[in-house]
Amino acid sequence: MTPRGIPFIAAARFTTSLLLFSCEDPFVAQRDRMVREQIESRGIRNADVLRAMRSTPRHLFVPENLRDYAYSDHPLPIGLGQTISQPYVVALMTDLLAAGKTDRVLEIGTGSGYQAAVLAGLVKHVYTIEIVAELANSARARLAALGCRNVTVRLGDGYKGWPEEAPFDRIILTAAPPDVPQELIDQLARGGRLVAPVGESPVTQELVVVEKTRAGDIRRRAVTPVMFVPMVPERTR
Ligand code: SAH
């Protein structure tokens with residue numbers, strides 16, 4: 001090594017450590033705390049769900065001026081009258097969905113793309129439908145930038161589902177229809193499961209789990225009251 005090489009190496013080391021420092025995600029600690037205080041403390045134990053919540057950068061799914069609130073215990077506006085759900089609700093729905101690595105999942109209501117990104121780390125593929133063009137476009141760009149290659153975003157009406165890709169092992173709705181649309185139950189595979197907020201008005205909604213048995217029978221149970229934006233019905237568009 002020449003004497004002149006030493007300062008060069010020192011400079012290179014210094015630059016590398018600066019780079020590592022600047023690449024570190026300053027939100028990691030906030031996410032760990034969110035998982036501990038909002039999710040584990042309320043009884044969610046599924047290690048895969050906790051890992052997905054810990055590793056998905058929620059602050060990149062909320063408007064820039066709300067980043068400081070991204071990991072707080074409530075929903076946030078994402079523009080165009082829509083909201084990203086409270087972290088606990090995303091974790092609860094993901095837990096109830098009980099999706100596995102080989103599952104193909106349909107989501108209705110892409111919104112920011114956050115729920116789709118959480119699921120992307122747990123399943124084979126997420127097909128997600130959004131009815132508002134600006135939201136579909138920005139979620140598609142955001143998910144691509146984050147390298148979520150197993151998510152496909154479609155602009156369209158969730159009431160119709162995605163017949164070309166059906167049946168789905170799991171279906172999740174993040175906007176509330178007055179009742180579970182039959183079209184979506186039809187697109188659920190046998191042995192599959194659907195999780196949805198259901199109700200005519202925000203004050204009477206409940207989170208519902210629908211299971212289609214191997215024999216094709218439908219079982220339905222209500223889990224807890226929730227408050228979601230309504231799933232826009234065809235007639236008002
Ligand atoms: N899952 C989202 C939050 C969704 S908010 C996230 O993680 O950010 C509910 C979304 O459902 C809104 O973006 C709304 O535009 C969309 N939506 C409402 N009615 C719909 C319909 N009929 N088909 C598809 N999307 C719909």
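Numbering of ligands and ligand atoms starts at 1, following listing order.
Using a 4.0 Å heavy-atom cutoff, T110 is listed among the residues neighbouring ligand 1. Taking a 4.0 Å cut-off on heavy atoms, G81 fails to register as neighbouring ligand 1.
The parts of I131 lying near ligand 1 are both backbone and side chain, judged by heavy-atom distances below 4.0 Å. Under 4.0 angstrom from ligand 1, the non-hydrogen atoms of M231 come from both its backbone and its side chain. Neither the backbone nor the side chain of L80 comes within 4.0 Å of ligand 1, counting heavy atoms alone. With a 4.0 Å heavy-atom cut-off, ligand 1 is reached by the backbone of V232 and by its side chain too.
Under the 6.0 Å cut-off for aromatic ring centres, H59 and F61 do not qualify, their centroids lying 6.0 Å or more apart.
Test T56, V90, V126, D103 against L119 for side chain to side chain contact (heavy atoms under 4.5 Å, CB included) and you get one pass: V126.
Residue R42 qualifies as enclosed at atom CZ: its count of foreign heavy atoms under 6.0 Å is above 12.
Taking the ring axis of Y114 as reference, the NZ or CZ atom of R58 stays within 45° of it and closer than 6.0 Å to the ring centre.
The residue from S112, P230, P197 that puts a heavy atom closest to atom 8 (O) of ligand 1 is S112.
Nearest heavy-atom pair across V226 and P197 is CG2-CB, 3.9 Å.
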Report task. Go through the steps to decide whether Q115 and I84 satisfy the test side-chain contact (heavy atoms from CB on, under 4.5 Å), and finish with yes or no. Result -> CA-CA 9 Å; Q115 174 74 73; I84 180 172; over 6 Å; no
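Of all atoms in ligand 1, listed by their number and element, those nearer than 4.0 Å to a heavy atom of Y159 are 22 (N). Ligand-side atoms of ligand 1 in range of L135: 13 (O), range being under 4.0 angstrom from any heavy atom.
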